[in-house]
Amino acid sequence: VWPPCRRHETLLSPSFRRAAAAMKLCSPTGFTAAAAALLAASSADATHTLRGLQLHEQGTLQRDTQRSGATYYHLSQYSGTFCTGRYVALDLTLNVMTQINLPDGRQPEVLCNKLEYNSTDSTFVVHSCPGSSATGCPLECEGCHEDMVKHFTKGQCNGGWLLSEGAAPEDCTSPNAECISKNRVDVGLARWCDKWPTPGNSTYEQKTSDDFMAEEES
């Protein structure tokens, strides 16, 4: 049996396997006629087969992602403090410093972000700082006093920011029904890394997600 057929053999229904055998589909020359066999099978049989193949491929992709050791999250900044409505998103990878070159006119030009897990209290810490077009990102964001967009519990709104598991949704690319964009805004406030006021300062207490969103749009 040709390898592609052997790979999915257990997912194919008996009627499809009989049709495949009769038409010699499970050979390098005959496999291209698989579409014709699907059309000849009943609609329910074809749907079952295609769904089975799709689920099989999704499982393979998930296992490959797990083997890579990468764990993906995204940080959303909403236009209000209750994490509802439209938002912008930033992709993060656990324990990996990631570099993003922001669009022209945005600050900083090079954005560096790293997400870490704090096992002591089961929270996450977002480290965000500016990088350099010449040297890229540092291994660690050192000397940053900004701590407004830093400590998160997964899935819990924090003053207009929300950390969620998984990469930013497809809506951030298109059709942008709720998500305006991804990886195009300094969601983690890296631009404030070395300019953040000390706790107790009136500016520190009054700034909100809306303030920073308006700052980005100006």
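Source: prediction; values computed, not measured.
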J.: Taking all non-hydrogen atoms of both residues into account, name the closest pair between H74 and G166 and its distance.
T.: ND1-O, 2.8 Å
J.: Without swapping roles, check the side chain of R191 against the backbone of D186 for a donor-acceptor pair under 3.5 Å.
T.: yes
J.: Any chance CD of E178 has more than 12 other-residue heavy atoms, nucleotides or ligands included, within less than 6.0 Å?
T.: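 No - once you tally the heavy atoms of other residues, nucleotides and ligands closer than 6.0 Å, there are 12 at most.
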J.: Out of the candidates V185, L90, T98, N183, only one should pair with L111 under the side chain to side chain contact (heavy atoms under 4.5 Å, CB included) rule; please name it.
T.: L90
J.: Hey, could you give me each pair passing salt bridge (Lys or Arg N to Asp or Glu O under 4.0 Å) that has a residue in residues 122-132? Not counting sequence neighbours.
T.: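 Pairs touching residues 122-132 that pass the test: none.
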J.: Using 0.5 Å steps for rounding, measure from the SG atom of C157 to the CG atom of L162.
T.: 6.0 Å
J.: With a 3.5 Å cut-off and sequence neighbours excluded, list the donor-acceptor pairs that the side chains of residues 126-133 form with protein atoms.
T.:
residue, atom, partner, partner atom, Å
H127, NE2, E116, OE1, 3.1
S128, OG, N113, OD1, 2.7
S132, OG, A134, N, 3.1
S132, OG, T135, N, 3.4

J.: Taking side-chain contact (heavy atoms from CB on, under 4.5 Å) as the definition, give me every residue that meets it alongside N158, ordered by chain and number, with sequence neighbours left out.
T.: F152
J.: Could you report the tightest heavy-atom contact between C172 and K182, atom names first, then the distance?
T.: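 Residues C172 and K182, closest heavy atoms: CB-CB, 3.8 Å.
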J.: Please collect all salt bridge (Lys or Arg N to Asp or Glu O under 4.0 Å) contacts where either partner lies in residues 71-81, sequence neighbours excluded, each pair once.
T.: none
J.: Does W161 use its side chain to pair, donor to acceptor, with the backbone of V187 at less than 3.5 Å?
T.: yes
J.: Working to the nearest 0.5 angstrom, can you tell me the gap between D91 CG and L115 CG?
T.: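 Rounded to the nearest 0.5 Å, the CG-CG separation comes to 11.5 Å.
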J.: Tell me the ring-ring contact (aromatic ring centres under 6.0 Å, His included) pairs involving residues 98-122, sequence neighbours left out?
T.: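 Matches after skipping sequence neighbours: Y117-F124.
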J.: With heavy-atom distances below 4.5 Å as the criterion, would you say the side chains of E142 and C144 are in contact?
T.: no
J.: Under 2.5 Å between the sulfurs of C193 and C141, yes or no?
T.: no
J.: V110 and Q99: side chain to side chain contact (heavy atoms under 4.5 Å, CB included), yes or no, with the steps?
T.: CA-CA 7 Å; V110 177; Q99 175 178 331; 3.6 Å; yes
J.: Are any non-hydrogen side-chain atoms of L139 and M97 less than 4.5 angstrom apart?
T.: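 L139 vs M97: side chains apart.
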J.: Sequence neighbours left out, what pairs pass side-chain hydrogen bond (donor to acceptor under 3.5 Å, both in side chains) with at least one residue falling in residues 162-176?
T.: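 side-chain hydrogen bond (donor to acceptor under 3.5 Å, both in side chains) check on residues 162-176 returns K154-E165.
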J.: At what distance, to the nearest 0.5 angstrom, does CG of L163 lie from OH of Y73?
T.: 7.5 Å
J.: Please enumerate all residues that pass side-chain hydrogen bond (donor to acceptor under 3.5 Å, both in side chains) together with K114, with sequence neighbours excluded.
T.: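 For K114, the residues satisfying side-chain hydrogen bond (donor to acceptor under 3.5 Å, both in side chains) (neighbours in sequence not counted) are E140.
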J.: Going by the rule side-chain contact (heavy atoms from CB on, under 4.5 Å), which residues pair with N118 if we only count those two or more places apart in sequence or in a different chain?
T.: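 Counting only residues at least two positions away or on another chain, N118 forms a side-chain contact (heavy atoms from CB on, under 4.5 Å) with T120, D121, T123.
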J.: Only counting residues at least two apart or in another chain, list the ones meeting side-chain contact (heavy atoms from CB on, under 4.5 Å) with D104.
T.: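 Testing D104 for side-chain contact (heavy atoms from CB on, under 4.5 Å), a comparison that skips the adjacent residues, returns none.
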J.: For a 4.5 angstrom cut-off between non-hydrogen side-chain atoms, does C83 reach Q156?
T.: no
